[in-house]
Peer 1: 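Take this structure, written in structure tokens, and hold onto it; I'll ask about it next.
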Amino acid sequence: MDSHDRPRPLVRDAAPGDFDAIARIYSHYVEHALATFEEIAPSVDEMRARHAAIAAAGLPYLVAELDGRLAGYAYASAYRPRSAYRHTIEDSVYVAEGFGRCGIGRALLTALIERCGRGPWRQMIAVIGNSGNAGSIALHAQLGFEHVGVLRDVGFKHGRWVDTVLMQRALNAAPHAPA
């Protein structure tokens, strides 16, 4: 089956019943990968609390379903807490194990960019754990993110030093200064 025959994922807002699956997806990355620098998988309740904080900030938190299963999730969050950064956000995208190369990450990130582009945010930053994370780097580049730097050896996980790749994309290039 080529990409034109493949079913498209359904992207929607996260719902209360999604968080067991979201926690499982994220736990895999915490325990087995370098995409996140978190080292202890958060509980389902902690994932719900994180979602509530993102929703309270007016930012999107999306999930993708494929073949009736939750196949990934993505959200935007504040890039930094200081007020001058209020128009810059960071994206996070996680695809469930077994759903790689099914278009889940692309569908989620495309929808996230579109949603955030309608808001007051000007820039979206991708903070990608592991400079060897070719899939995430390529996905972001394909969706208009520019490589802006690498922070070398800033994390230590699974017995090794890990880089962070920074990529950036304009969302709302209005020339005027926001309020």
Peer 1: With the side chain counted from C-beta on, respond yes when Arg160 and Asn130 share a heavy-atom pair under 4.5 Å apart, and no when they do not.
Peer 2: yes
Peer 1: Can you list the steps and then say if Ile128 with Phe145 is a side chain to side chain contact (heavy atoms under 4.5 Å, CB included)?
Peer 2: CA-CA 12 Å; Ile128 300 169; Phe145 285 76; over 6 Å; no
Peer 1: How many angstroms lie between CG in Leu108 and CG in Leu143, if you round to the nearest 0.5 Å?
Peer 2: 11.0 Å
Peer 1: So Leu66 and Ile104, do their side chains get closer than 4.5 Å, heavy atoms only?
Peer 2: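 SC-SC contact between Ile104 and Leu66 confirmed.
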Peer 1: Is there a side-chain contact between His140 and Val165 in this structure, where contact means two heavy atoms from C-beta onward sitting under 4.5 Å apart?
Peer 2: no
Peer 1: Please evaluate residues His51 and Asp18 with respect to the criterion side-chain hydrogen bond (donor to acceptor under 3.5 Å, both in side chains), reporting the C-alpha separation (whole Å), side-chain torsions for both, the decisive distance (0.1 Å), and the verdict.
Peer 2: CA-CA 11 Å; His51 168 262; Asp18 294 329; over 6 Å; no
Peer 1: What pairs of donor and acceptor atoms, side-chain ones from residues 32-46 against any protein atom, are under 3.5 angstrom apart with sequence neighbours left out?
Peer 2:
unit_1, atom_1, unit_2, atom_2, d
Thr36, OG1, Tyr26, OH, 2.8
Thr36, OG1, Glu38, N, 3.1
Glu38, OE1, Tyr26, OH, 2.6
Glu38, OE1, Arg50, NH1, 3.1
Glu38, OE2, Arg50, NH2, 2.7
Ser43, OG, Asp45, N, 3.4
Ser43, OG, Glu46, N, 3.0
Asp45, OD1, Arg48, NH1, 3.2
Glu46, OE2, Arg50, NE, 2.9

Peer 1: Does any pair with a residue in residues 56-71 pass salt bridge (Lys or Arg N to Asp or Glu O under 4.0 Å), and if so which ones, sequence neighbours excluded?
Peer 2: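 Listed by first then second residue: Arg12-Glu65.
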Peer 1: Which atom pairs, one a donor and one an acceptor, fall under 3.5 Å between side chains of residues 92-103 and the rest of the protein, sequence neighbours left out?
Peer 2:
unit_1, atom_1, unit_2, atom_2, d
Glu97, OE1, His28, ND1, 3.4

Peer 1: Should Val154 and Val150 be regarded as members of a common hydrophobic cluster, given that ILVMFWY residues are connected when their side-chain heavy atoms come within less than 4.5 Å of each other, either directly or indirectly?
Peer 2: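 Each belongs to a different hydrophobic cluster.
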Peer 1: Treating Ile, Leu, Val, Met, Phe, Trp and Tyr as nodes and any side-chain heavy-atom pair under 4.5 angstrom as an edge, say whether Val63 and Ile54 lie in one connected cluster.
Peer 2: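 Yes, it is one cluster - the side chains of Val63 and Ile54 are joined through contacts under 4.5 Å.
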Peer 1: In Å and rounded to the nearest 0.5 Å, what is the CG to CG distance from Leu139 to Asp91?
Peer 2: 8.5 Å
Peer 1: Applying side chain to side chain contact (heavy atoms under 4.5 Å, CB included), name anything that partners Leu166, two or more places apart in sequence or on another chain.
Peer 2: Val127, Val148, Leu151, Thr164
Peer 1: State which residues pass side-chain hydrogen bond (donor to acceptor under 3.5 Å, both in side chains) with Gln123; sequence neighbours excluded, sorted by chain then number.
Peer 2: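 Here the qualifying residues are Gln168.
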Peer 1: Tell me, which pairs form a salt bridge (Lys or Arg N to Asp or Glu O under 4.0 Å) where one or both residues lie in residues 133-143, sequence neighbours left out?
Peer 2: none
Peer 1: According to a 4.5 Å side-chain heavy-atom criterion applied to Ile, Leu, Val, Met, Phe, Trp and Tyr, with indirect links allowed, do Leu171 and Val11 form part of one hydrophobic cluster?
Peer 2: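 As far as the 4.5 Å side-chain criterion goes, Val11 and Leu171 are connected within one cluster.
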Peer 1: To the nearest 0.5 Å, tell me how far His147 NE2 sits from Ser131 OG.
Peer 2: 8.5 Å
Peer 1: Of the non-hydrogen atoms in Ile89 and Cys116, which two are nearest, and what is the gap between them?
Peer 2: CD1-SG, 3.4 Å
Peer 1: What is the distance from atom CZ of Phe19 to atom CD1 of Ile25, rounded to the nearest 0.5 Å?
Peer 2: 11.0 Å
Peer 1: Same cluster or not: Ile137 versus Ile125, using hydrophobic residues (I, L, V, M, F, W, Y) connected whenever any side-chain heavy atoms lie under 4.5 Å apart?
Peer 2: no
Peer 1: Side chain to side chain donor-acceptor pair (under 3.5 Å): which pairs involve residues 106-117, sequence neighbours left out?
Peer 2: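 Those involving residues 106-117 are Asp13-Arg115, Arg106-Gln142, Glu114-Arg118.
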Peer 1: Name all pairs fulfilling the salt bridge (Lys or Arg N to Asp or Glu O under 4.0 Å) condition that reach into residues 133-158, sequence neighbours left out, sorted by first residue then second.
Peer 2: Arg152-Asp163
Peer 1: Using links of under 4.5 Å between side-chain heavy atoms of ILVMFWY residues, direct or through other members, which residues join Phe156 in one cluster?
Peer 2: Trp161
Peer 1: Please table the atom pairs, donor to acceptor, closer than 3.5 Å between any side-chain atom in residues 73-84 and protein atoms at least two apart or in another chain.
Peer 2:
none

